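The structure appears below as structure tokens.
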Amino acid sequence: MVRTRFAPSPTGYLHIGGVRTALFNWLYARRHGGRFVLRIDDTDAERNVAEALAPILDGFRWLGIDWDEGAEVGGDFGPYYQSERQDRYRAAAQALVDRGRAYWDYATTEEIQAERETAQREGVRFLYSRSFMAETDEDRRRFEAEGRAGVIRLMIPRVGTCVVRDLVRGPVEFEWSREQDHVVQRADGTCLYHLASVVDDHDMEITHVIRAEEHLSNTPRQMFIAEGLGYDPPDYAHLPFVAEPGGRNKLSKRKLEQYLKNPDFAQIAEHGRAIAEAIGHETAAETFNPVIVDFYRTVGYLPDAILNYLVLLGWSLDDRTEIFDRAAMIESFTLDRVNKAAASFDPRKLLAFQERYMQAIPLDAKVERVLPFLRDAGLLAAEPDAATRAYVAKIVTAAGDRIKVAGDILDYPDFFVADDALAYDAKAFDKRIRNAEGAADRLRRFREILEGVEPFEAAALEARLQRFVEDEGIKIGQIIHALRVAVTGKGVGFGMFETLEILGRERCLARIDRALGRL
RNA sequence: GUCCCCAUCGUCUAGUCUGGCCUAGGACACCACCCUUUCAAGGUGGCGACACGGGUUCAAAUCCCGUUGGGGACGCCA
């Protein structure tokens with residue numbers, strides 16, 4: 001049975017690169033009817049693990065990447081928090097010593113550092129001299145009598161090679177003599193990541209370790225640990241990096257502000273920021289940024305769109321298929337079609353997927369997505385009644401593809417504000433009404449006509465306006481722009497006649513009066 | 001510095017293993033035109049890449065060698 005895992009540290013946020021790695025693990029498990037484990041790489045030192053973990057778990061849940069075992073759901077191979085497994089690691093470290101694969105070492109950090117510097121000065125490769133290695137219990141007692149604290153180091157072979165058979169890259173060869181005698185247990189008795197990771201993967205019966213490329217060069221030591229412990233090592237697959245927008249470097253949470261300098265990235269960020277501010281959401285760069293998954297949830301992206309974009313970052317099925325729903329993804333995902341080169345994150349393309357997915361969902365689903373934004377922006381009551389929903393549905397229909405993310409509904413606040421609170425775009429008002437020759441008079445005349453149009457619906461309104469245009473001997477542009485600004489306050493919007501119908505006669509008349517009154 | 005990985009349009013990629021079907025295909029972005037009451041959407045078209053240099057071969061994006069460039073790893077971090 002295939003078992004994969006993703007092991008996040010509780011950092012307080014879920015970033016796009018992590019999701020991509022988790023997604024590939026999840027897909028591989030689902031593809032093979034296996035299990036996907038969410039293990040938590042926390043440490044004892046971390047205080048508020050639950051708090052720092054919540055955004056990560058919420059992010060996965062929102063994306064629909066579910067885990068069969070691990071944090072909050074438990075399972076038969078727990079505990080799933082590394083902080084609760086130190087005893088296991090210590091036992092493993094001791095077993096390594098017992099099997100002659102590791103040794104107690106009593107060098108101080110300063111002594112190691114001195115050796116390292118000497119090697120560097122002489123231009124040779126640093127390899128620990130093992131001068132403070134304890135070969136017997138008596139050695140240990142002697143060192144400890146000197147007041148030294150012992151660590152456990154791996155007894156890495158100094159000859160030969162290690163071959164990592166990577167499912168993405170094929171065989172990769174490393175010389176053992178390049179590896180250090182890595183510490184696996186600290187002087188304070190706690191154990192380090194590489195040991196913990198190997199022990200956990202074994203205990204949790206992980207069959208495929210699918211992780212980012214940065215771990216490729218860590219793999220020999222992990223294989224050494226696994227073999228030393230008598231484990232059957234898992235299969236490894238090292239994924240290419242998700243690189244920063246417009247660059248080749250690994251995506252980093254520390255460079256969020258720098259990414260904002262990339263024009264495409266900035267545009268996406270700005271679009272989201274406007275929505276977030278309208279609903280009173282925090283928009284500091286560290287927490288609100290297109291590299292962080294929460295950004296997309298806040299702004300109203302669709303999880304499936306994000307997954308679809310992400311599955312294509314470093315993987316493809318063929319030369320043309322690009323729309324994958326969950327089932328299609330699971331069905332077609334294979335590790336042998338994972339790319340080797342880093343793929344840079346392009347939020348622009350993500351938006352393109354979002355648009356396609358948004359166009360595809362049914363009206364009522366769209367309305368449901370949009371409602372919370374109207375509520376959070378204070379434009380609608382918390383519990384909209386059926387009439388209100390129907391009203392919103394009309395707006396959503398009329399807006400059509402203009403609503404790319406759910407939060408885009410906030411581009412149309414004018415349908416929700418009182419007539420006397422309507423804000424006018426000053427530039428549009430001047431251009432279309434104040435300074436347009438004869439516009440105000442035409443508007444005044446058409447207002448009178450509007451009083452009698454029956455029914456007050458798009459088709460009838462359009463027919464009547466066409467007649468007005470003919471009667472006046474003008475072009476449609478000479479009335480419609482002024483009309484738009486008068487009733488919506490803006491120079492741009494969706495179909496004029498739908499707009500009038502949705503607003504209704506009373507409000508249209510009131511708004512035209514108000515606009516004319518501003519002259 | 002040492003080791004490892006990678007290299008096709010600005011970006012994501014197909015093609016590379018199994019050389020010829022590749023005058024290199026698709027998508028995003030961009031540009032133009034069409035549609036049009038504005039803004040979107042949609043339609044049509046365009047721009048645009050095999051990093052470089054040597055081989056091997058009748059034939060190289062594809063195989064080999066080298067160069068260059070980029071990235072990653074080298075912790076008592078994870």
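Labels below follow one simple rule: chain letters A, B, ... track the order of the sequence lines, proteins then strands, and each chain is numbered from 1. Model, not experiment: these values are computed from the prediction.
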Subject >> Results of salt bridge (charged side-chain N to carboxylate O under 4.0 Å, His left out) for E498(A) - residues two or more places apart only >> reply: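 Listed in chain order: nothing, the list is empty.
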
Partner of [N] by Watson-Crick or G-U wobble geometry, both contacts under 3.5 Å, or none?
N      : value
C3(B)  : G72(B)
C50(B) : none
G42(B) : C34(B)
C77(B) : none
G10(B) : C28(B)
C63(B) : G55(B)

Without swapping roles, check the side chain of [X] against the backbone of [Y] for a donor-acceptor pair under 3.5 Å.
X       : Y       : value
T11(A)  : Y13(A)  : yes
R511(A) : V487(A) : yes
R467(A) : R464(A) : no
Q86(A)  : C191(A) : yes
D408(A) : K404(A) : yes

Subject >> Residue pairs passing the side-chain hydrogen bond (donor to acceptor under 3.5 Å, both in side chains) test where at least one lies in residues 150-172 of chain A, sequence neighbours excluded >> reply: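 Applying side-chain hydrogen bond (donor to acceptor under 3.5 Å, both in side chains) to every pair that reaches into residues 150-172 of chain A, excluding sequence neighbours, yields D105(A)-R153(A), R158(A)-D181(A), D166(A)-H238(A).
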
**OP:** Any pair with a residue in residues 333-350 of chain A that passes side-chain hydrogen bond (donor to acceptor under 3.5 Å, both in side chains), sequence neighbours left out, goes on the list, sorted by first then second residue, please.
**Re:**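 Output for this query lists Q267(A)-R348(A), T334(A)-D336(A).
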
Distance check, [atom1] atoms only: [N] and [M], in whole angstrom units.
N      : M      : atom1 : result
A27(B) : G48(B) : C1'   : 14 Å
C12(B) : A29(B) : C1'   : 11 Å
A32(B) : C47(B) : C1'   : 10 Å
C76(B) : U18(B) : C1'   : 50 Å
G19(B) : A59(B) : C1'   : 8 Å
U8(B)  : C74(B) : C1'   : 32 Å
G15(B) : A73(B) : C1'   : 31 Å
G66(B) : U23(B) : P     : 30 Å

Original post:
Between D41(A) and Q82(A), does any side-chain donor sit less than 3.5 Å from a side-chain acceptor?
Top reply: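 Yes, a side-chain donor-acceptor pair sits under 3.5 Å.
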
How long is the line joining [atom1] of [X] and [atom2] of [N], in whole Å?
X       : N      : atom1 : atom2 : result
E213(A) : A7(B)  : CD    : C1'   : 12 Å
H481(A) : U38(B) : NE2   : P     : 6 Å
L239(A) : C5(B)  : CG    : P     : 17 Å
N308(A) : C28(B) : CG    : P     : 13 Å
D336(A) : G15(B) : CG    : P     : 10 Å
R402(A) : C39(B) : CZ    : P     : 10 Å
F324(A) : C12(B) : CZ    : P     : 18 Å
R211(A) : G72(B) : CZ    : P     : 17 Å

Subject >> Interface with RNA chain B, restricted to residues 482-494 of chain A and to heavy atoms under 4.0 Å >> reply: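 Close to the strand are R484(A), G491(A), V492(A), G493(A), F494(A).
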
**OP:** Can you sort out which residues in residues 339-354 of chain A have a heavy atom within less than 4.0 Å of RNA chain B? Ascending by number, please.
**Re:**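 Those residues are N339(A), K340(A), A341(A), A342(A), A343(A), S344(A), D346(A), R348(A), K349(A), A352(A).
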
Within the 6.0 Å centroid threshold, strictly below: [X] and [Y]:
X       : Y       : answer
W315(A) : F333(A) : yes
Y259(A) : F345(A) : no
Y412(A) : F373(A) : no
Y106(A) : F143(A) : yes
F6(A)   : F60(A)  : yes

Need one value for [X]: base, sugar-phosphate or nothing, where a base atom within 4.0 Å counts as base even if backbone is also close, heavy atoms only.
X       : result
K475(A) : nothing
G170(A) : nothing
N249(A) : sugar-phosphate
E173(A) : sugar-phosphate

**OP:** Write out all pairs satisfying salt bridge (Lys or Arg N to Asp or Glu O under 4.0 Å) with one or both partners inside residues 472-490 of chain A, taking only residues at least two apart or from two chains.
**Re:**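 For residues 472-490 of chain A, and leaving out neighbouring residues, the salt bridge (Lys or Arg N to Asp or Glu O under 4.0 Å) pairs sorted by first residue read D414(A)-K490(A), R445(A)-E472(A).
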
Subject >> 5′-ward residue of the pair R125(A)/R320(A) relative to RNA chain B >> reply: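 Final value for this comparison: R125(A).
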
Original post:
Going by modelled atom types, is there a donor-acceptor pair between the base of C5(B) and the side chain of R169(A) at under 3.5 Å?
Top reply: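 Donor-acceptor pair under 3.5 Å: no.
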
**OP:** Report, as a single string ordered 5' to 3', how protein heavy atoms within less than 4.0 Å touch nucleotides 73-78 of chain B: B base, S sugar-phosphate only, - not at all.
**Re:** S-SBSB

Original post:
Which nucleotides of nucleotides 42-48 of chain B have their base under 4.0 Å from a protein heavy atom (B), which only their sugar-phosphate (S), and which neither (-), written as one string 5' to 3'?
Top reply: -------

Original post:
Going through the distances and angles, do E244(A) and S252(A) end up as a side-chain hydrogen bond (donor to acceptor under 3.5 Å, both in side chains)?
Top reply: CA-CA 8 Å; E244(A) 57 193 27; S252(A) 160; over 6 Å; no

Report the residues that fulfil side chain to side chain donor-acceptor pair (under 3.5 Å) with [X], sequence neighbours left out, ordered by chain and then residue number.
X       : answer
R248(A) : none
Q478(A) : none
D318(A) : T321(A)

Report each atom pair, protein N/O against N/O of nucleotides 17-24 of chain B, whose distance is under 3.5 angstrom.
none

Original post:
So does R337(A) get a side-chain nitrogen or oxygen closer than 4.0 Å to the phosphate oxygens (OP1/OP2) of G15(B)?
Top reply: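 Yes.
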
